[in-house]
Amino acid sequence: EYHTSGALADTPSGYLVYHGTIKKISGFSQRTDPLNANSSIGSWSVEIQDNGEVFSTVLNAKLAAGYSTRGKRARVYLGYKGMAWADYRLVGTQVIDGIDVDDVVFTVSCADIQRSTRKTIFDLAKTQITSSILATTAMTGAGTVNVADATGWELFAHDAGYTEDGTQSTSVLYFKIQNEIFRATGKTSTTFTGVTRAVLGSVAQDHLVDSDATKQKLVVEDYVYLVGPALKIAYGLLTGTAYNQSGAVLPARWHLDIADEYVDTATFVTNFKDLYDSADVTKGFLMRFAGLKATDGKAFIEKELMLPQSCFMSVKTDGSLSVKRSSRVLSTASYVVELNEKNIVKYGTLKYCMNELMNIASVNWNWDDIQKKYTRITAVVDPVSSAADKHGKAPVRFHSFRGIYGNNYTDATIGGIFDGLIDRFSNPPWRINVKVLPSLNRLEVGDNVRLKLAKVRDFTGEIVSLDR
C-alpha cells in the first residue's frame with residue numbers, strides 16, 4: 001500500500017493508496033567515518049494522519065490476518081506535482097522498528113539494515129568431555145572424543161583456501177579443550193569423530209575427567225577458524241552463506257543471518273577482483289582468523305575486514321548493504337556531480353581540521369592465538385607530511401588486526417595497505433556542511449563530489465575561490 005503527502009501525488013497501479021495521510025518525514029541518513037571504516041545507523045520517522053481511521057484499520061487488519069509491521073520494509077519515493085510515477089525517485093528504504101500513537105497521529109520509526117548487524121557473532125557452542133584424554137593418546141584423523149552433548153555443533157565446509165591446515169574441500173569443526181585444539185570431520189549427539197588433535201600449532205596435553213560425578217567436567221568450546229578473502233568472509237558473516245561453495249553455510253552461531261535481499265551481493269563478490277576473485281580463493285586480500293570470541297558483528301566487520309582493505313559498507317537507496325572503496329579525495333579526483341551556487345541551498349563554515357591529521361601509524365598484526373599476542377609490528381610514516389617544516393608528527397594512530405598474517409604479508413605490503421589511508425589524511429582535511437536541492441537525492445554515501453563556491457577562499461594552494 002502507498003501513503004502520500006497530497007492528493008496530486010501519482011502512485012503505481014494495482015495498490016491501495018491513501019492520499020494526504022503523510023504529515024511529516026524526518027530523520028537522518030547514514031554517516032561514514034573513513035578513518036575508521038565505520039558507519040552510523042541511518043533512521044527516519046514518518047508521521048501519518050489517521051484520517052477516518054484508515055491507517056489504524058489497515059494495521060488492525062494486518063494483525064487479524066496474522067501479520068505484523070515489525071521488520072517490514074518502508075520505502076520513500078520523491079516526486080513533484082505533474083510528475084508521472086515512473087519518474088519518481090526512490091530515496092531510501094528502511095526497516096520498521098516501532099510505532100507510536102499520539103491521538104490520531106501515528107509515528108512509524110524505521111532504521112536501516114545496519115541495525116541488524118548490531119548483534120553478536122561467534123556465540124560459541126560449549127559442552128563437556130565425559131571421558132579422559134591422555135596426552136599420549138594418538139589422534140590423527142580417526143580419533144573419537146566423548147562429550148555430554150554435541151547436538152548444537154555444526155560442521156563447516158572448507159574451500160581451496162584452507163591450505164595451511166590441509167583441510168581443503170573438507171567439512172570440519174574445531175574445538176578446544178584447555179589449551180589444545182582439535183579438528184573433527186564428523187559427530188554424533190555425544191561424540192566428535194574423525195578427530196585429529198594438537199592442530200593449528202597447539203600441543204597435546206592430558207584432559208582428565210574426575211571420577212567424582214559431582215565435580216565440574218572440563219569444558220569443550222567451539223573454536224573459530226576462518227581463512228579466505230576478507231570480502232568473502234564478510235559476506236559469510238552477514239548472510240551465513242559460504243559464497244560459491246554449493247550451498248555451504250557458516251555455523252548459525254557465527255553469523256548475522258541477514259537475508260540475501262538486504263545485501264548487494266555483487267559488491268562483495270564480483271566488483272573488486274583484486275580483493276576477491278571467486279574463481280580463485282587463494283588470491284585477493286587474504287585473511288586468517290583463529291580463536292575468535294563473541295563480539296559485535298558490525299564492529300568486527302568494519303574494523304577487522306573493511307578497514308584493512310580501505311573499504312566501508314554503505315546502505316543503498318533500495319535498503320541493501322553494499323561495499324565501497326575509500327577513494328583518495330584529491331582536488332583533481334573524479335566526481336559524480338559538481339555542487340555550486342546553482343544547486344546549493346545553504347552551506348556552512350569551511351573547516352580546516354588539523355586535529356584529524358594522520359601521518360604516522362603503528363600496525364600490530366600476525367596474531368598468534370597460542371601465545372595470545374601479535375607477533376609483528378609495522379610502522380607506516382609519511383616523511384613529507386611529518387617533516388618538522390611541514391605539519392610535523394601527528395599523534396600515532398594504533399591499529400591491531402587479527403586477520404592479517406605472516407604467510408601472505410610483509411612489512412612492505414602492510415606499508416602499502418596503509419599508504420592509501422595515510423595519503424587521505426596526510427594533510428588536514430577540509431570539512432563543510434552543504435544543503436542542496438532535492439533533485440540531488442540520487443547521491444549515495446561515499447560518492448565523490450566537486451565543490452565550487454566563489455565566495456569561499458581556499459588558501460592551501462593559490463589563494464583562490466574554493467573549487468575542488
Side-chain angles (χ1 to χ4, degrees), residues 2 12 25-34 36-46 71-79 85-97 108-119 230-241 243 255-273 275-276 278 297-299 301-302 305-307 309-327 329 334-337 339 434 436-449:
Y2 285 80
I25 298 177
S26 60
F28 59 90
S29 62
Q30 180 185 4
R31 296 175 183 271
T32 62
D33 174 6
N36 297 297
N38 59 28
S39 305
S40 64
I41 296 173
S43 63
W44 69 51
S45 61
V46 182
K72 299 302 187 292
R73 278 179 292 189
R75 298 185 179 94
V76 173
Y77 294 86
L78 179 65
W85 172 252
D87 297 321
Y88 276 56
R89 187 185 304 277
L90 176 65
V91 296
T93 304
Q94 295 193 356
V95 177
I96 297 173
D97 63 3
V108 181
S109 301
C110 306
D112 68 41
I113 193 60
Q114 287 189 105
R115 179 70 54 84
S116 298
T117 67
R118 295 302 303 271
K119 297 177 183 176
L231 286 181
K232 178 177 181 176
I233 294 174
Y235 185 78
L237 295 180
L238 289 169
T239 66
T241 299
Y243 188 77
H255 65 82
L256 295 165
D257 195 28
I258 294 176
D260 290 344
E261 63 192 288
Y262 287 113
V263 179
D264 184 357
T265 300
T267 63
F268 283 85
V269 304
T270 303
N271 290 6
F272 307 110
K273 293 292 187 183
L275 301 178
Y276 172 35
S278 60
K298 180 176 184 291
I301 293 171
E302 289 174 339
L305 297 171
M306 294 298 159
L307 181 58
Q309 52 188 338
S310 296
C311 291
F312 64 95
M313 292 189 300
S314 69
V315 180
K316 300 172 65 176
T317 57
D318 65 3
S320 64
L321 272 172
S322 66
V323 174
K324 288 190 174 183
R325 260 185 161 145
S326 295
S327 56
V329 185
S334 60
Y335 54 92
V336 298
V337 68
L339 304 182
V434 177
V436 299
L437 293 174
S439 57
L440 289 176
N441 54 46
R442 67 181 183 276
L443 293 175
E444 299 270 9
V445 172
D447 284 346
N448 281 351
V449 298

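Keep in mind it's a predicted model, so treat the numbers as computed, not measured.
- A tilted orientation is assigned to the rings of W85 and Y77, their planes being inclined by 30° to 60°.
- Contact record, S439 with R89: O-NH2, 4.5 Å, taken as the closest heavy-atom pair.
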Handout entry: side-chain contact (heavy atoms from CB on, under 4.5 Å) between I113 and V263, intermediate numbers included
Key = CA-CA 9 Å; I113 193 60; V263 179; over 6 Å; no
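- In this structure, a donor-acceptor pair under 3.5 Å is absent between the side chains of S109 and S45.
- By the 4.5 Å heavy-atom criterion applied to side chains, R75 and Y2 are not counted as neighbours.
- Of the N and O atoms on the side chains of Y235 and T265, at least one donor lies less than 3.5 Å from an acceptor on the other residue.
- Scanning both residues, T317 and V91, for their nearest heavy atoms gives CG2-O, 3.8 Å.
- Under a 3.5 Å cut-off, the side chain of T267 and the backbone N or O of V323 do form a donor-acceptor pair.
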Exercise for the section: Assess whether side-chain contact (heavy atoms from CB on, under 4.5 Å) is satisfied between V445 and V315, documenting all intermediate values. Expected result: CA-CA 8 Å; V445 172; V315 180; over 6 Å; no
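- Annotation: the span from I301 atom CD1 to C311 atom SG amounts to 13.0 Å, rounded to 0.5 Å.
- Under the 4.5 Å side-chain criterion, counting only non-hydrogen atoms from C-beta, L78 is in contact with P438.
- Taking every heavy atom of both residues into account, H255 and D257 meet most closely at ND1-N, 2.9 Å.
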Handout entry: Stepwise side-chain contact (heavy atoms from CB on, under 4.5 Å) test for Y262 and T239
Key = CA-CA 9 Å; Y262 287 113; T239 66; over 6 Å; no
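- Scanning for salt bridge (Lys or Arg N to Asp or Glu O under 4.0 Å) contacts around D260 gives an empty result, with sequence neighbours left out.
- R442 places none of its side-chain heavy atoms less than 4.5 Å from the side chain of V336.
- Atom CG of D264 is separated from atom OG of S320 by 4.5 Å, given to the nearest 0.5 angstrom.
- One finds the OG atom of S43 at 11.0 Å from the CD atom of Q114 (value rounded to the nearest 0.5 Å).
- Closest approach of D318 to L90, counting heavy atoms only: CA-CD2, 3.9 Å.
- Atom CG of N448 sits about 11.0 Å away from atom CG of L443, to the nearest 0.5 Å.
- Using a 4.5 Å cut-off on side-chain heavy atoms (C-beta onward), T117 and L321 make contact.
- Taking a 6.0 Å sphere around NZ of K119, one finds it holds 12 or fewer heavy atoms contributed by other residues, nucleotides or ligands.
- Counting all heavy atoms, side chain and backbone alike, D97 lies closest to A111 at OD2-CB, 3.6 Å.
- Closest approach of I41 to K298, counting heavy atoms only: CG1-CE, 4.2 Å.
- The main-chain N or O of W44 is found under 3.5 Å from a side-chain atom of Q94 such that the two form a donor-acceptor pair.
- F312 CZ to L305 CG: the interatomic distance, rounded to the nearest 0.5 Å, is 16.0 Å.
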Practice task
Decide yes or no on side-chain contact (heavy atoms from CB on, under 4.5 Å) for T93 and K316, but give the supporting numbers first.
Solution key: CA-CA 8 Å; T93 304; K316 300 172 65 176; over 6 Å; no
